[in-house]
Amino acid sequence: MTTPTAGEPAAATSDERAADPNSGPRRVLIALYAIFALAAISRAAVQISTKFDEAPLAYSLSLFSGLVYLAAATGLILRGPVARGIAWAACSIELLGVLVIGILSIFDSNAFPHDTVWSRFGSGYVFIPVILPVLGLWFLFHTRADRAPTEPAVGR
Amino acid sequence: MNSVFGYSLLTAGLLLAAWLGLQSYRRRAVNGPQIIAALVLEGAILVQSVIAVIAVINGHEPAEKVTFLAYLGGVLLPLPLGIQLARIERTRWGSIALCFTSVVVAVMMLRLLQLWNSHSTGFG
């Protein structure tokens, strides 16, 4: 899955599709991550602004998870080695987070009395939070050979 | 916010998602009528949001008012994202992206209706 010519920097978007056979899955992941960033950050903003004292840990975690989703979305939108690194880190942290918080929320529900995106492995979000980092990491692993110096610096 | 209108929007979101899911299954990119349908749905949601904001200003108290207002703004965002991705991604993957954002809109509309009606005295 290597792209022989990925286009010049700041490439015309019309040529992008031909240049990047993985743009489709990438864009679907961007949609997923952008929506989850919106969901988690909005939720955290409401929780922190209206009732932070009730569960500071859980609400801080909501915000953290939202920022991780935002970082992953950004890493997928922007291309190049640095963006890839951000995406790798964000997806890894996300997987770790959803597993740790998922387990903690089941065995120690007192620590997380109020739902976060990651509580019970994301059961409130049809378990997409536990599937999403796996898809993200799989995509990054699958496209690792595309990390070529000729890759466009910015693209969607 | 009008509940009948709200459930109509919810249903429209699911129908649009089904249409786009079929489009993706057929390995096709989003077509013109689907883009138009998504734009019409977005416009209708905007109308619903304006109706709801006016009702809240006039004294209607939905449950968890701050959450409700956040959803009211948030529900406007997924479809423009999906439409934009569908326009630049002229493959089945664009159809999947818009399908997903349509489902999200339907789910958010359900949550809005729940909040609206839980403390309401009638249809807004």
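Here is the naming used below: chain letters follow the sequence lines, and residue numbers restart at 1 for every chain. Bear in mind the structure is a predicted one, so any value in this text is a computation, not a measurement.
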Working to the nearest 0.5 angstrom, can you tell me the gap between [X] [atom1] and [Y] [atom2]?
X: B:Thr67; Y: A:Gln47; atom1: OG1; atom2: CD; answer: 8.0 Å
X: B:Gln84; Y: A:Ile30; atom1: CD; atom2: CD1; answer: 11.0 Å
X: A:Lys51; Y: B:Glu64; atom1: NZ; atom2: CD; answer: 5.5 Å
X: B:Leu77; Y: A:Ile35; atom1: CG; atom2: CD1; answer: 7.5 Å

Please determine whether residues [X] and [Y] belong to a single hydrophobic cluster, defined as Ile, Leu, Val, Met, Phe, Trp and Tyr linked transitively by side-chain heavy-atom distances below 4.5 Å.
X: B:Ile83; Y: B:Leu9; result: yes
X: A:Phe127; Y: A:Ile101; result: yes
X: A:Val126; Y: B:Tyr71; result: yes
X: B:Val40; Y: B:Val103; result: no

Of all heavy-atom pairs between [X] and [Y], which one has the smallest distance, and what is that distance?
X: B:Glu89; Y: A:Ser23; value: OE1-OG, 2.8 Å
X: A:Ala34; Y: B:Leu81; value: CB-CD2, 3.8 Å
X: A:Val46; Y: B:Ala70; value: CG2-CB, 3.9 Å
X: A:Arg27; Y: B:Ile88; value: NH1-O, 3.4 Å

(request) Measure B:Val104 against the heavy atoms of chain A and call it side chain, backbone, both or neither at under 4.5 Å. (result) side chain
(request) Name the region of B:Leu98, side chain, backbone, both or neither, that has any atom closer than 4.5 Å to a heavy atom of chain A. (result)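 For B:Leu98, no heavy atom lies under 4.5 Å from chain A.
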(message) Can you confirm whether A:Val28 sits close enough to B:Phe100 that some side-chain heavy atom of one is under 4.5 Å from a side-chain heavy atom of the other?
(response)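 No, their side chains stay 4.5 Å or more apart.
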(message) Let's test your reading of the structure: which of A:Ala31, A:Ser42, A:Ser49, A:Pro25 forms the most heavy-atom pairs below 4.5 Å with chain B?
(response) A:Pro25
(request) Verify the neighbour count for atom OH of B:Tyr25: are there more than 12 heavy atoms of other residues, nucleotides or ligands below 6.0 Å? (result) no
